[in-house]
Amino acid sequence: MKVLLLVMALNFACVSNVFAQKVAISDLPQLREQVVELLKQKYPSYSVMSLDEVIKHSFKSEHSNEYPGLVFGNFRHPSITDCAVLLVDFQKPKSSIKLLVLVLGVNTASPKIQIVHDYRKDKNPFLEVYLAYEQRRTVADIEKDTWVDMTSAGFSLNPFDRGGEQVFYWDNDKLKSVWVTD
């Protein structure tokens, strides 16, 4: 009986550790293509954000297998792939970002698109920014001067022209975010 309980506990621990993980590098190109195609249908006048060449080099040195305007992860469930995407105006791709959206369930039969933030009316837009995968961790919320335990892995919005980053994570199936320092 003790052996059975130990095996069950180990299985639970293994599943819990896998809960939020990065997507396999080999799957990224195909997933990116799926997401871009899906978003073209929903937002035909927008495209996925890209970086200028100088900043792109800096980004690639730290995030060699990721895309600056897209980040994939199994954030909510180990077998469901989600994606956060920064969208810009198709006619002016070097302008500020317009939307931060989530594509939930990229690898399912019916992915859902959810707007996280609409930047179109912001008075102080982000001009150079990228998304990155974030491991589950404890972060310092600089707006509330407290510590926050991320209950899952997530992603971060990283503006080059401002200090800190906005970290997004899921807590009880609800997306939350905090601003943290560098």
Side-chain angles (χ1 to χ4, degrees), residues 20-23 25 28 31-32 35-36 38-40 42-43 45-76 81-104 106 113-171 174-182:
Q21 61 189 359
K22 282 189 170 184
V23 173
I25 294 167
L28 288 178
L31 288 172
R32 181 185 189 284
V35 167
V36 168
L38 182 67
L39 290 171
K40 272 186 196 176
K42 177 96 173 164
Y43 302 105
S45 60
Y46 293 123
S47 61
V48 175
M49 185 222 62
S50 61
L51 299 173
D52 71 29
E53 289 307 311
V54 173
I55 294 174
K56 190 181 288 185
H57 178 71
S58 171
F59 172 83
K60 286 292 185 186
S61 68
E62 292 181 36
H63 307 280
S64 61
N65 295 310
E66 298 178 33
Y67 303 102
L70 296 152
V71 64
F72 293 93
N74 300 84
F75 303 125
R76 301 171 304 128
T81 300
D82 299 321
C83 180
V85 186
L86 291 171
L87 296 175
V88 296
D89 187 319
F90 185 79
Q91 303 298 320
K92 302 177 238 172
K94 296 294 181 197
S95 67
S96 62
I97 61 171
K98 302 301 179 195
L99 294 171
L100 171 58
V101 298
L102 287 172
V103 181
L104 303 172
V106 174
I113 299 172
Q114 170 186 334
I115 295 177
V116 175
H117 191 85
D118 186 338
Y119 296 96
R120 291 177 282 199
K121 294 182 181 164
D122 281 9
K123 295 183 194 273
N124 192 12
F126 294 121
L127 297 175
E128 294 293 345
V129 63
Y130 67 92
L131 294 173
Y133 180 85
E134 293 291 332
Q135 294 286 351
R136 180 180 175 183
R137 61 189 170 118
T138 300
V139 294
D141 183 340
I142 59 176
E143 292 178 328
K144 295 179 182 168
D145 196 26
T146 61
W147 290 94
V148 175
D149 286 321
M150 292 172 56
T151 53
S152 72
F155 62 94
S156 59
L157 178 76
N158 301 272
F160 284 101
D161 60 339
R162 300 178 197 174
E165 61 188 359
Q166 188 174 11
V167 175
F168 295 85
Y169 64 96
W170 278 260
D171 185 12
K174 185 175 181 180
L175 184 65
K176 296 194 173 191
S177 74
V178 294
W179 276 96
V180 300
T181 58
D182 291 332

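With values rounded to the nearest 0.5 angstrom, Ile97 atom CD1 is found 10.5 Å from Asp118 atom CG. For the atom pair CG (Leu39) and SG (Cys83), the distance works out to 7.5 Å, reported to the nearest 0.5 Å. Of the inter-residue distances, the one linking Phe155 atom CZ with Glu165 atom CD reads 12.0 Å to the nearest 0.5 angstrom. Between Glu134 atom CD and Leu157 atom CG the span is 10.5 Å, to the nearest 0.5 Å.
Using a 4.5 Å heavy-atom threshold, the side chains of Lys98 and Tyr119 count as separate. Side-chain contact between Val85 and Ile113 is absent, with no heavy atoms from C-beta onward closer than 4.5 Å. Residues Val88 and Ser47 have side chains in contact (heavy-atom distance under 4.5 Å, counting atoms from C-beta outward). You'll find the side chain of Arg76 stays beyond 4.5 Å of the side chain of Ser152, heavy atoms only. Leu131 is listed as a side-chain neighbour of Leu86, based on a closest heavy-atom distance under 4.5 Å. Using a 4.5 Å heavy-atom threshold, the side chains of Leu31 and Leu70 count as separate. The closest side-chain heavy-atom distance from Leu28 to Phe72 is below 4.5 Å. Taking the side chain as every heavy atom from C-beta outward, Val101 and Lys42 never approach each other to under 4.5 Å.
Here the closest non-hydrogen pair linking Pro159 and Gly164 is CD-O, 3.8 Å. In plain terms, the two heavy atoms of Glu143 and Trp179 that are nearest each other are OE2-CD1, 3.4 Å. Taking every heavy atom of both residues into account, Val178 and Val148 meet most closely at CG1-CG2, 4.0 Å. In this structure, Ala140 and Val180 approach most closely via the heavy-atom pair O-CG1, 3.2 Å. Gln166 approaches Ser177 most closely through the heavy-atom pair NE2-OG, 3.1 Å. Across every non-hydrogen atom of Gly73 and Tyr133, the tightest pair is CA-CE1, 4.2 Å.
Of the possible polar contacts, one joining the Arg136 side chain to the Met150 backbone as a donor-acceptor pair under 3.5 Å is found. A donor-acceptor pair under 3.5 Å is formed between the side chain of Thr151 and the backbone N or O of Trp170. Under a 3.5 Å cut-off, the side chain of Asn158 and the backbone N or O of Ser156 do form a donor-acceptor pair.
Remark: Asp122 engages no residue in a side chain to side chain donor-acceptor pair (under 3.5 Å) (not counting sequence neighbours). Not a single side-chain contact (heavy atoms from CB on, under 4.5 Å) links Lys121 to another residue, sequence neighbours left out.
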Exercise for the section: Verify side chain to side chain contact (heavy atoms under 4.5 Å, CB included) between Val106 and Val35, making sure each step is shown before the conclusion. Expected result: CA-CA 7 Å; Val106 174; Val35 167; 3.8 Å; yes
Practice task
Could you walk me through whether Phe168 and Leu100 pass side chain to side chain contact (heavy atoms under 4.5 Å, CB included), step by step?
Solution key: CA-CA 11 Å; Phe168 295 85; Leu100 171 58; 3.7 Å; yes
Exercise for the section: Apply side chain to side chain contact (heavy atoms under 4.5 Å, CB included) to the pair Tyr67 and Val48, showing each step before the final yes or no. Expected result: CA-CA 10 Å; Tyr67 303 102; Val48 175; over 6 Å; no
